[in-house]
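Sequence lines set the chain letters: A, B, ... in the order given, protein chains first and strands last, and positions in each chain run from 1.
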Amino acid sequence: MTVHNADVARIFDRLADLLEIEGANPFRVRAYRDAARIVGDLPNEVSALMAAGKDLSELHGIGKDLGGKIEELVQTGRLTALEEAERRVPEGLLELLSLGPLGPKRVKTLYDRLDIKGVDDLAAAAKAGKIHDLRGFGPKMEARLLDALAHHVKEEPRLLLASVEAVAQDLVQRLGRARGVGKVIVAGSYRRRKETVGDLDLLVTAAGSDVMDRLVAFEEVAEILGHGRTRSTVRLRSGLQVDVRVVPEESYGAALHYFTGSKAHNIRVRGMGVERGLKINEYGVFKGDAQIAGRTEEEVYAQVGLPYIEPELRENRGEFEAAQDGRLPRLITLADIRGDLHAHTTETNGRATLEEMAEGARAKGYKYLAITDHSQRVSMARGLDAKRLARQIKAIDRLNERLDGIVILKGIEVDILEDGSLDLPDAILKELDLRVCSVHYSLNLSSEKQTERIIRAMDNRYCDIIGHPTGRLLNKRAGFDLDLERVMRAALERGCFLEVNAQPERLDLNDAHCKMAKELGLKLAISTDAHSVANLELMRFGIDQARRGWLEPADVLNTRSWPQLKRLLRRA
DNA sequence: GCCGTTTTCGGCCCGACTGTTTTCAGTCG
């Protein structure tokens with residue numbers, strides 16, 4: 001059994017929950033939660049790092065103890081400390097934590113005072129009216145618990161960034177029309193452009209506004225979780241939670257910084273403030289009682305001796321060290337993109353014709369668009385065999401004669417078969433400008449086999465770019481097991497490249513993988529995998545992911561002109 | 001449990017809202 005980073009993260013979070021219920025030192029609990037996040041965010045599997053002889057305690061936030069616990073987990077698949085905690089704390093208490101109204105302290109109180117060990121015990125006690133007499137509880141809490149028990153549902157999964165944009169912009173528009181409102185902006189992980197968001201954090205600048213009353217009165221509000229003067233929380237009918245914070249104009253920068261997060265980033269900034277005798281909160285930077293900064297985010301960073309740090313970098317993944325050394329990246333923007341290297345047409349499973357896709361790309365100002373329809377193995381999409389591909393090549397040649405200002409690249413998304421061979425003969429692949437090679441089947445090979453398979457594919461001189469390299473579908477399917485560092489090193493040796501697929505449910509390579517590629521010196525393509533003209537607009541989500549992965553224009557293939565890009569391809 | 005050009009011990013970000021309380025604990029972000 002292989003222990004993945006996600007397993008380590010889940011187990012540390014579970015142990016943190018148990019320790020919290022026991023009333024452990026909160027900083028110790030935080031250390032476990034930090035470690036869960038750190039391991040969960042790593043681009044390499046910890047098992048691979050260990051196999052390579054790396055000392056895990058070199059990771060900032062992982063010390064000797066936690067490093068040892070990770071090793072125990074990887075080697076044995078078990079964690080003694082967790083098993084001991086599970087013996088001390090009844091399992092059902094964890095479910096109580098997920099109930100909503102209850103935190104670790106109240107769960108412990110219920111257990112200590114009423115011997116409540118799970119939801120069934122809690123339901124019985126609440127119905128018997130035993131809860132409201134406990135210190136720290138009351139009739140309202142008892143009612144909330146009964147309600148929560150009746151509607152106990154699994155937590156909403158985090159939503160795709162792309163799927164919340166419309167509602168976010170709608171809320172911005174409507175809150176902006178409230179009396180006395182200045183700025184309205186979406187902060188939180190939405191502003192950091194994380195691939196999924198758990199809720200929406202809206203920041204409003206205003207003085208004496210009715211904006212909160214407007215918010216809670218919106219017809220799509222299903223539940224009001226909090227309604228204060230400066231902070232309100234509602235849940236929409238869609239299940240999406242929305243937090244709104246109101247601050248005065250002079251606090252805008254400090255508040256934006258604070259509500260943008262991430263939490264780990266903010267803790268570091270505030271800690272740097274403490275070192276300088278400053279207090280940093282959402283209202284500003286304070287020396288004693290005097291506000292000395294906070295109108296802009298730049299002011300906040302300047303007070304702790306840092307340049308402005310882009311929201312996408314604010315994850316405490318090295319941005320502070322880079323900022324101090326003057327090594328912050330000049331992040332890529334959508335405007336740097338000159339073309340798209342992965343797109344489909346009606347010839348396979350696209351919804352637009354070759355001509356329509358070409359016109360769509362030209363209208364965007366692109367200089368090139370690669371048509372990369374599926375190969376024969378993808379029979380569901382009526383993938384191309386050599387004969388049909390040859391016809392498409394001719395059609396593209398004819399189209400290019402008519403087109404002005406853009407060149408359509410002859411390409412293919414050729415399947416990587418289970419043995420690592422490509423799904424079409426070299427004789428036809430060599431007629432193309434560009435070949436994207438992707439895995440669509442046999443996703444559940446061992447890491448070793450999957451890695452070998454992809455490296456074998458790259459051994460073929462006609463393999464240019466590995467499409468959606470991990471095959472993950474957000475909220476649906478984890479990526480397949482793969483040693484991406486080995487794949488990247490192999491790509492470098494062979495002159496191949498990897499893709500950042502901009503489809504909102506793919507977005508692989510992910511942010512950490514992008515950063516790993518950059519550090520290895522491997523350039524990436526950012527491609528939409530468009531199946532329609534409208535899909536060409538998805539490029540910006542790929543850009544978001546690339547920015548979170550620290551990529552600069554030079555790190556990306558399709559910031560180049562076609563002649564420049566052609567020279568980078570080994571078959572050119 | 002982690003960390004250290006102040007430190008190997010003693011710190012560890014900070015505030016709003018709720019429901020409880022009669023000045024504050026718990027929870028959340």
Problem - For A:His513, ring-ring contact (aromatic ring centres under 6.0 Å, His included) partners two or more places apart - result: none
Completion exercise
Sorted by chain and number, sequence neighbours left out, ring-ring contact (aromatic ring centres under 6.0 Å, His included) with A:Phe259 holds for none
Using a 4.0 Å heavy-atom cut-off across all strands, classify [X] as base, sugar-phosphate, or nothing.
X: A:Val274; result: sugar-phosphate
X: A:Asp199; result: nothing
X: A:Arg268; result: nothing
X: A:Asp34; result: nothing
X: A:Arg135; result: nothing
X: A:Pro139; result: sugar-phosphate
X: A:Tyr258; result: base

Handout entry: First of A:Leu134 and A:Thr230 reached from the 5' end of DNA chain B, by closest nucleotide
Key = A:Thr230
Completion exercise
By nearest-heavy-atom nucleotide on DNA chain B, the more 5' of A:Asp65 and A:Arg30 is A:Asp65
Say we look at [N] and [M]: how far apart would their [atom1] atoms be, to the nearest angstrom?
N: B:dC2; M: B:dT7; atom1: C1'; answer: 14 Å
N: B:dC17; M: B:dT22; atom1: P; answer: 23 Å
N: B:dT20; M: B:dT27; atom1: C1'; answer: 13 Å
N: B:dC14; M: B:dC9; atom1: P; answer: 25 Å
N: B:dG26; M: B:dT21; atom1: C1'; answer: 13 Å
N: B:dA16; M: B:dG10; atom1: P; answer: 32 Å
N: B:dT5; M: B:dG1; atom1: P; answer: 23 Å

Exercise for the section: Just say parallel, tilted or perpendicular for the rings of A:His265 and A:Phe320, cut-offs at 30° and 60°. Expected result: parallel
Hey, are [X] and [Y] close enough for a salt bridge, meaning a charged N less than 4.0 Å from a carboxylate O?
X: A:Lys518; Y: A:Glu552; value: yes
X: A:Lys194; Y: A:Glu315; value: no
X: A:Arg472; Y: A:Glu195; value: yes
X: A:Glu83; Y: A:Arg87; value: no

Would one find more than 12 heavy atoms of other residues, nucleotides or ligands at under 6.0 Å from atom [atom1] of [X]?
X: A:Arg78; atom1: CZ; answer: no
X: A:Glu91; atom1: CD; answer: no
X: A:Arg113; atom1: CZ; answer: no

Practice task
Sorted by first residue and then second, give each side-chain hydrogen bond (donor to acceptor under 3.5 Å, both in side chains) pair with at least one member in residues 177-187 of chain A; sequence neighbours left out.
Solution key: A:Lys183-A:Glu249
Fill in the blank from the handout: chain A vs DNA chain B, heavy-atom contacts under 4.0 Å, first-to-last nucleotide span, 5' to 3', is B:dG1 to B:dG29
Problem - Close approaches to DNA chain B from residues 103-111 of chain A, in residue order (heavy atom, under 4.0 Å) - result: A:Gly103, A:Pro104, A:Lys105, A:Arg106
Practice task
Output the residues of residues 308-327 of chain A in contact with DNA chain B, where contact means a heavy atom of the residue under 4.0 Å from an atom of the strand; sort by number or write none.
Solution key: none
Exercise for the section: Kindly indicate whether the side chain of A:Arg314, heavy atoms from C-beta on, has any atom under 4.5 Å from the side chain of A:Val269. Expected result: no
Handout entry: Watson-Crick/G-U partner (both atom distances under 3.5 Å) of B:dT8
Key = none
Exercise for the section: Identify whether the glycosidic angle of B:dT20 places it syn (within 90° of 0) or anti. Expected result: anti
Handout entry: Pi-cation contact, A:Tyr190 with A:Arg193 (under 6.0 Å, within 45°)
Key = yes
